[in-house]
Protein chains: 2
Amino acid sequence: MVTKISEIEQKCVDKGMRMTGQRRVVARVLSGAEDHPDVEEIYRRAEKRDPNISIATVYRTLRLFEAANVIDRLEFGDGKSRYEVSSEEDSHYHLIDVKTGKVIEFEDEEVSRRLQEIAQKLGYKLIGDRLDLYGTVSDTGGNQNS
Amino acid sequence: MVTKISEIEQKCVDKGMRMTGQRRVVARVLSGAEDHPDVEEIYRRAEKRDPNISIATVYRTLRLFEAANVIDRLEFGDGKSRYEVSSEEDSHYHLIDVKTGKVIEFEDEEVSRRLQEIAQKLGYKLIGDRLDLYGTVSDTGGNQNS
DNA sequence: TTACGTGCAAAAGGTTTGCAATAAC
DNA sequence: GTTATTGCAAACCTTTTGCACGTAA
């Protein structure tokens with residue numbers, strides 16, 4: 001993939017947001033993240049690109065991006081906010097390994113379709129969802145995880 | 001007057017838990033709750049039954065009940081923990097009205113079955129789940145954004 | 001009786017905010 | 001130049017904890 005400004009940055013620009021160095025840094029940290037970092041971790045990664053960035057700015061930027069709908073906040077029950085770039089595609093879900101904290105992302109058309117249906121049946125327009133499964137590696141085969 | 005002990009109390013007794021007045025109070029508050037109160041609210045309701053109960057005890061009791069698996073902790077994204085009595089039956093899900101905060105509970109066999117299947121396919125034993133939908137009333141709502 | 005639970009207040013996280021300095025447009 | 005944004009530190013809010021006292025079993 002060709003290196004260019006991150007998709008997040010593009011969206012922010014499109015929304016008329018003032019693009020400061022700090023916002024670019026946070027945008028790139030998130031774009032490059034394959035995991036679901038908490039704020040402290042995002043701050044740590046941001047510091048590597050801009051040693052003077054403050055955690056207050058990281059918090060403010062994350063709130064801003066979340067409000068602008070370019071990232072999603074997750075909560076896996078440890079009392080910290082975690083973030084990921086929001087995907088335009090079908091929503092995806094999480095399976096959290098309760099022993100290791102490892103998070104597996106997955107999608108499922110059947111579930112997505114059914115949830116849509118359920119919301120509609122209840123008289124609602126679905127505008128978001130959060131589905132987290134908690135599990136332990138089953139001893140009966142399947143794939144092994146580091 | 002003989003008050004029927006709540007299902008929670010029974011479970012606690014069964015698990016050999018020391019049943020104090022405060023724990024009974026919290027158990028009854030939760031048993032009587034039709035909603036998903038946060039800790040402050042649980043404390044407020046508990047105070048009506050025992051004006052001397054402390055919020056520290058409420059927190060400790062909730063953690064205890066949660067660990068004993070008689071209640072479930074929920075998080076709807078407002079930074080506060082909310083609680084409900086855990087149901088022995090199929091897990092149920094939530095649809096949160098983002099305009100009013102109203103929470104509708106629902107169950108769905110198709111979704112439950114599929115989630116079970118997915119976890120298994122990923123090599124995991126499903127031990128818990130959390131499914132929250134966010135929506136707005138779909139017809140004749142009237143309200144626009146705030 | 002004795003180990004366990006409680007109340008209080010202080011501490012501990014995580015997150016937000018007031019304000020003066022700074023940078024984007 | 002004007003207005004929004006930043007860094008710092010203090011404030012805030014929810015939750016946890018140390019300790020002396022109280023209480024269920």
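Chain letters run A, B, ... following the sequence lines, proteins first, then strands; residues in each count from 1.
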Using only atom types and a distance under 3.5 Å, with no angle test, would you say the side chain of B:R82 pairs donor to acceptor with the backbone of B:F76? no
To the nearest Å, how far apart are B:K80 NZ and D:dC13 P? 10 Å
Is A:Y59 close enough to C:dT15 that one of its side-chain N or O atoms is under 4.0 Å from OP1 or OP2 there? yes
Hey, are A:H92 and A:E84 close enough side-chain-wise for a donor-acceptor pair under 3.5 Å? yes
For B:M19 and C:dA3, give me the distance from atom CE to atom C1', rounded to whole Å. 18 Å
Tell me the interatomic distance from A:D78, atom CG, to D:dT14, atom P, rounded to whole angstroms. 18 Å
Assign A:N52 to base, sugar-phosphate, or nothing according to its heavy-atom contacts below 4.0 angstrom with the strands shown. sugar-phosphate
Does the side chain to side chain donor-acceptor pair (under 3.5 Å) test come out yes or no for A:Y93 and A:S112, once each step is laid out? CA-CA 10 Å; A:Y93 314 116; A:S112 304; 2.9 Å; yes
From C-beta outward on B:A56, which listed nucleotide comes closest to its side chain: C:dA9, D:dC8, C:dT6? C:dA9
Charged N-O contact under 4.0 Å between A:R44 and A:E41: yes
Starting at CZ of A:R23 and ending at C1' of D:dT6, how long is that distance when rounded to a whole Å? 10 Å
Sorted by position of nearest nucleotide on DNA chain D, 5' first, the leading residue of B:M17 and A:L64 is A:L64
Are OP1 or OP2 of D:dT15 and a side-chain N or O of B:S81 less than 4.0 angstrom apart? yes
With sugar-phosphate meaning primed atoms plus P, OP1 and OP2, does B:I55 contact a base, only sugar-phosphate, or nothing at under 4.0 Å between heavy atoms? nothing
Measure from CZ on A:R44 to P on C:dG14 and round the result to the nearest Å. 10 Å
Hey, is the main chain of A:E9 close enough, under 3.5 Å, to the side chain of A:R24 for a donor-acceptor pair? no
If you compare every side-chain N and O of B:R18 against the phosphate oxygens of D:dT23 (OP1, OP2), does one of them come in below 4.0 Å? no
Just how far, in rounded Å, is P of D:dT23 from CD1 of B:I53? 14 Å
Contact under 4.0 Å: A:Q22 side-chain N or O vs D:dG7 OP1/OP2: yes
For B:D38 and D:dC13, what is the distance between atoms CG and C1' respectively, to the nearest whole Å? 12 Å
Taken to the nearest whole Å, CG/B:D50 to C1'/C:dT6 is 10 Å
Can you see if the side chain of A:R60 gets near the phosphate of C:dT17 - specifically, an N or O under 4.0 Å from OP1 or OP2? no
Give a yes/no answer on whether the side chain of B:T20 brings an N or O atom under 4.0 Å of OP1 or OP2 in C:dT6. yes
